[in-house]
Structure formats: C-alpha cells, structure tokens
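Okay, so here's the structure we're looking at.
None of these values were measured; they are calculated from a predicted model.
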Amino acid sequence: MFAALGRASFRFRWWFLAVTALLTIVSAVWGTGVFANLGGNGFDDRRSESHRAAVAAQSVLGRDPDVVLVVDHPRLTVADAEFQQAVTDVVDSLPKADVDTVATYWSTGSPTMVSRDRHTTYAAIRLAGSGGHAADVYERVADRIHAPAGFTVQRGGDVPLNHDLNAQVSKDIKRAELLSLPVVLALLVVVFGGLVAASLPLAVGGVAIVGAFSVLRVMTGFTDISVFAINIVTMLGLGLAIDYALFVVGRFREELRAGRDVERALVTTMSTAGRTIAVSAVTVAVSLSSLLLFPQGFFRSMALGGIAAVGVAVLAALTALPALLAVLGRRVDALRLPGPRPRAGAGEDRGFWFRVARSVMRRPLVYVAVIVPLLLLAGSPFLRVQFGGVDYRALPAGAESRQAAERILTDFPGSGDKIRVVVDGASPAGLDRYVGELGSLPNATGAAVTGAAGGRTVVDVAHDLDANSSAARNLVTEVRDTPAPPGARVEVGGTTASLMDLLHTLGAKLPWMGLWVFAASFVLLFLAFGSLLLPLKAIVMNLLSLTASFGALVWIFQDGHLSGLLGFTSTGTVEATQPILILAIAFGLSMDYEVFLLSRIREQWDATGDNTLAVATGLQRTGRIITSAAALLIVVIGAFATGGISIIKMVGVGMVAAIVIDATIVRALLVPATMRLMGRANWWLPGPLEAVWRRFGIREGEAGPQACVAGAGAEVGAVAAEVGVVAGDGAEVGAVAGAEAGVADAAVGSERALHS
C-alpha cells in the first residue's frame, strides 16, 4: 500500500499539491473561525450526583449570573446616593435586548453583595438568550460597560471568564508560534544542513495546523468542544507534523545518496518511513482515543481534537510531502549551508550512537540496575499528590475576570464556597430537623434554606475550609451520610462534591483506559514488528518515563517550585484531569519514538539475524534523527508551556519532561540494555502467532533473515552514511563505496521486499 502511495505521489504530484493548496486556503479562511465556536471547560460529569444537584438547584434558584460587575470607589460607600446612582448608570447603559435580569444590593437588600469595607459592591447579570450565543451577547454588553468618573468596574462571572480564556488561548497560540517557529527552523537547518530540506517540515506543520482547525470546526457543529482543546490541537498538529516530515525527508535523502533515482527513492521512503509514521500515528490516535472512555466533555474535546491533529499531520506527511519531494528531487539538498562534512568511509563502529549502544550492551545489568531506580525515585513525589479542580486561577494574575473573582472571594462576607444540598419531598418539620443536623456537623459553620419551589428546597451548608482540602471532602461525605428527612430524596453538590465525583469517575475509568491503551498498543506493535516481548517492553519503558514526569508535576505545580520562573499560581494541588491527559498524550508520543527505533532495528535484524548488531545499528540509524525530532517537539510544546493558562502549562511541562526522559535515558540507554538482556528472545514468536503475523503484519515485504542476509555487505557503508545523512553530501562517498560490494546480491532481495 505504501509503495503504491509513493508511486502515486510521484506520478500525480501536481494534483496532490493542487488539492493540498486548495484545502489549505479554505482551512486558513474558514477553519480559523473555530475560536468563536468553542465552549466552556467541560469538567463536569453529567451523570454525577453533584451535577444533578446543580441542575435541580437551578430549577429553584435560576441559573447563576452570567456576568458579575464589581464596582468600587476609594472614598464613597454603598450608603452614599452617588454610589447607588453610579451603579444604576452602569446597569442602565447596557442594551436592554441583551439583558434578562439584573440584581444589585439596592434591588435585593442582600448584605452579601456589599464588601466588608462597604466601598465595593457588585451587580449580578443574566444575559438574554445565553448558552450557545453567550459569547456574542457578552461582546455587545461588554462594549457598553464604562466606569463612571472616580469608580472602577471589573467584569467577572462565567461568561467573562470563558471570554478571557478564549482570548488567552489565541494570545498563547500566537506567542507560541512566534517563539517556536524561528527556533524550529534554526534546528532544522542544523539537522539537514540546508534551507530547502529544513523548510519542508515547517510547511507540513502549517498545513496540519490549519487543517486540524477546520476538522475541529466541523466537530463543533455536532458536539461541544472545550476551549482548551485548541492548544492541544496546535501543539500536536505542529509537533507531530514536523516529526513525521523529519523522518520522511531524512529517509528520502538517504535513498538518493544510495544512488536511487527520485521515483525509486520516493517509493522506498514511503515503504519504510511512510509505513513507520502511519503505524506511529495510529498508535498515538489509539492512545488519545482512550480519553473517550471518560464522561467529561473536557476529555472528549481533547480526544477528538488530538485525533484530528494527528490525522491531518500524518495525512499531510503521506501525501503533500511526498509530492513536494517528487517535485524537488535532488534539489531537496539545495541551498546548503557551509560547514564541516562527515568523513567519508567511516565504519559503522565509529558512529556515536553505535558506540553508545555497544557500550550499554557490554554492561546491560548495570544500566538497568541504575536507571530504573532513578526513574522510580524521580516519580516518588507523585505518591503524595493532592488533586484539585480548575478555577479562575487557571488564568494569569492580570486577567480581569480572575481579579473580579478574587475580589469577591476575599472582600465579601459569606462569598466562600458552600456545600449545596437539594431536598425533594420533605415535610416542614423533617426539613427543619435536617437543616439543623447539617449545621451542627463538625467543620460546618451553619446551614440555611436559600430557596424553595414546588416541594424542592435548596439548603446551603457554609464552612471556612479550602474547597480542595481533605477536610472539605470529609465534610461533604458527612453531609451525604446524614440521613435524609423521612420520605425525601437528597442530592449534594458544590465545588468540593464535584471534585469528589470527578475523582471517583477518574478512578473508575482509569483501569479501562489502561486496558484499552495497553492492549491496542500491544496489538499494533505485534503486527508491526512480529514480536511478543517487544510490545510488553515498550509499554514498561513508557510507564517509567511517565512515572518520572508525574513526579515532576507534583514537585513543580503542587509544591510551587519554579512558579516564579514559569509564571503560575500554585494552588497546592495538581488539577485532577491533567495526569490523565498527559498519560494519553505522552504515552502515544513515547510509543511514537519506540516505533521509529524498532522499525530500523527490525530492518537490521531481518538483514543480519544478529540481535546485538541490529540494536546497535538501529540506534545508529535513528539516534540522531530521534534526538532531533524530540528536540523539535520539546521546542514546540515548551513554547506552549510559556502561555498564561496554568493547566495548559501543566500539560506542556509534563510532556516536555516525559519526552526528554524518553528520548535520552530510555531510548538511548534503557532500551539497548533490555534488548541485550533479552537477546534473541526479542524476536521470539510462537508458531501460531508467527503465522498470524505473516498474514496480517503491517509491512511492505516478506524479507526475513534468509532473504536479506545476502545484502548485508551493503550495510557497512550505509551506516557510515547514516552518521551524516542529515548533514552533508560527504556521506554519499562512504555509502556508495561500502554498498558496491553487496549491491548485486542485495538487488534481488530488495526488489522482492519492495514489491511484494
């Protein structure tokens, strides 16, 4: 299939490029409108008790205010007529058609709407026709909000918070692109040694980003998509497109230097690197699909957005990029930069990564005995993790909606978090007794009825606890354990109850997520590499990388280390959904590099039948390219980690830590050590499973050790070329000279493998 795709991309290259250009233009114009269609955070489980309680309470109290205007004066108090007139002027200036209801201190008489120093109050506004059109309505309302002379007005509430999140996401994407693209281009020039080759991964990355935006916009017509998904789409779309293009371009240049014409080089590239990135993309998509097992809209958004980004990235790398290479041909090496050329004729034993692998495999037990405990030690902080939720502190400290929320919570009495209890069908006497019992619970500061309608009563239980603390969770448990009034039904909600329900859902779904990811990854790697043990080893290696990165999350975000450098507010917790998200993304990316490495090791095993040589040669052929790909991905993801939204920053830092550990310690040291210890068992396959692999394996040819060993003479020079394949033409001399001795014998086996 991939060989046929290579031939098609050569013969119909101009059609491929024309279609790609047309779709890219449409996506750039239409797809970027996705920002206006993005929704809220989506962290609630609609089937949970806390969500049912919130819906039931809303039927009594009405929905929460969409906008809260915090009005302040340094001298006047709410007792002054000028203060009341100023608030009235602000409210009356709002377009009547866009405002449903307005509540102020003077219309309600509620003392909770006045600050302790009485210099500040707020107006609670419900927008007309909010919901899906809330953003458009708020834009019109916000334009009419002006502070009277001497007063300050801050806009807070759910809708302004979502508005600020959208604005921050757009700002972060622009910032990340401005930071990452010049660095990525510079690194690509260093890797490829020329401007033309270096520009190709960036071109594919641009196509992937705008294409993913279009796919995401289509999805918003069928389901709600969280605003946070756009960061993941951009991050993965750009990062993976560059990674995939790096491997394809690198292999194409290698084939040209081996003396093949452009069409044959392209066909071979697609049969090898093309197949590899396709398997890799499926592996990453499968890992992301595990998020669909969770009921939260946030996870669904991240899964759909991430899969869209991966799909568009690999599609561009398998269609548009080969067509570009077909047009460029040998001009892919044009505009080379001056610099040292690799020494011609260097043997494979002189390659840096070959020597690293040989060194590791001479003492494999030592490396395993040292590295594994160190990674487990790095992950040990996660044993004391404290999970929390997402609130206004996800925004930068300077965001207006965050400042308004902080002002209300700190300056207004009775504005702290409460446990909301909804009681259906209670008698007056039973309800009074029940409210008294709730108010007398340990750590509760009181309980009061806040609304009633049609046999349904809302009771708020007040407390002075941090909503994320274990003490607050214990109080919620005690409220839920308190017997309901006779004949009544009770549901408990609020911030702490929502967090508890979230943690319960995550704990219940996590084993199924693990089962799906591990089983699917095992099957894919088995089909790709024809081994029973290598998929198991790959899963264990990935988990070790993730363990260390999770430890870093706790040390940085929960403990607050580096908060000044990274620019975030530590809440003393790790947001509960982020380790799950990082697990899905980082596991897929780690498997991405495993596929790249094992593909070349399998190639060498088929050619030589020597496990030690196959591992060393495979690492030599992929070490530099994997390290380069990891460095580029780190730059892209790291740029997003500099943004202003703390949970995206958490994802970025966690993924950077996982990639650094995976691409260096795990791939370069731990993988060669474990494969040396397992020896030929790496490739052990029981007879029935071998028959399955022979029939259904994901490969282009049937070449095994018997078919390919005749061409092993070509390997000595080819490895020398690999050392410098991304740096200069000087490698061609060593490649061709070393290959000539075995080229005649290898030709038959190569052709059979290529076309079978």
Exercise: do Q403 and Q154 side chains pair donor with acceptor under 3.5 Å: yes
Heavy-atom donor-acceptor pair, S570 side chain to F557 backbone, under 3.5 Å: yes
Side chains of F387 and P579 in contact at under 4.5 Å (non-hydrogen atoms): yes
Note, L202 side chain near V184 side chain (heavy atom, < 4.5 Å): yes
Parallel, tilted or perpendicular: rings of Y138 and H163 (30°, 60°): perpendicular
R407 versus T120, side-chain donor and acceptor atoms under 3.5 Å: yes
Within-4.5 Å side-chain heavy-atom neighbours: L318 and Y244: no
Heavy-atom check, side chain of V153 versus side chain of V70, under 4.5 Å: no
pair V651-F640: side-chain heavy atoms closer than 4.5 Å: no
Side-chain donor-acceptor contact under 3.5 Å, E575 with Q578: yes
Validation row: V183, L179 side chains within 4.5 angstrom (heavy atoms): no
Rounded distance (nearest 0.5 Å) linking atom CE of M302 with atom CD1 of I580: 13.5 Å
Salt-bridge criterion met for R140 and D98 (N-O under 4.0 Å): yes
Pairing of D45 and K509 as salt bridge, 4.0 angstrom limit: no
Donor-acceptor under 3.5 Å (Q558 side chain, R384 main chain): yes
N/O donor-acceptor pair under 3.5 Å between R300 side chain and P295 backbone: no
Under 3.5 Å: donor-acceptor pair, side chain of R144, backbone of L94: no
Beyond-backbone contact of H146 with V90, side-chain heavy atoms, under 4.5 angstrom: no
Check: R126 main-chain N/O paired with D66 side-chain donor or acceptor under 3.5 Å: no
Side-chain donor or acceptor of S289 paired with backbone N/O of V286 under 3.5 Å: yes
Side-chain heavy-atom pair L562, W555 within 4.5 angstrom cut-off: yes
Donor-acceptor under 3.5 Å (S287 side chain, T283 main chain): no
Side-chain H-bond candidate by donor/acceptor type, R393 with S646, under 3.5 Å: no
L395 backbone acceptor or donor facing R402 side chain under 3.5 Å: yes
Side-chain donor/acceptor of S563 to backbone N/O of G560, under 3.5 Å: yes
More than 12 heavy atoms of other groups within 6.0 Å of K174 NZ: no
Backbone N/O of A641 and side chain of K649: donor-acceptor pair under 3.5 Å: yes
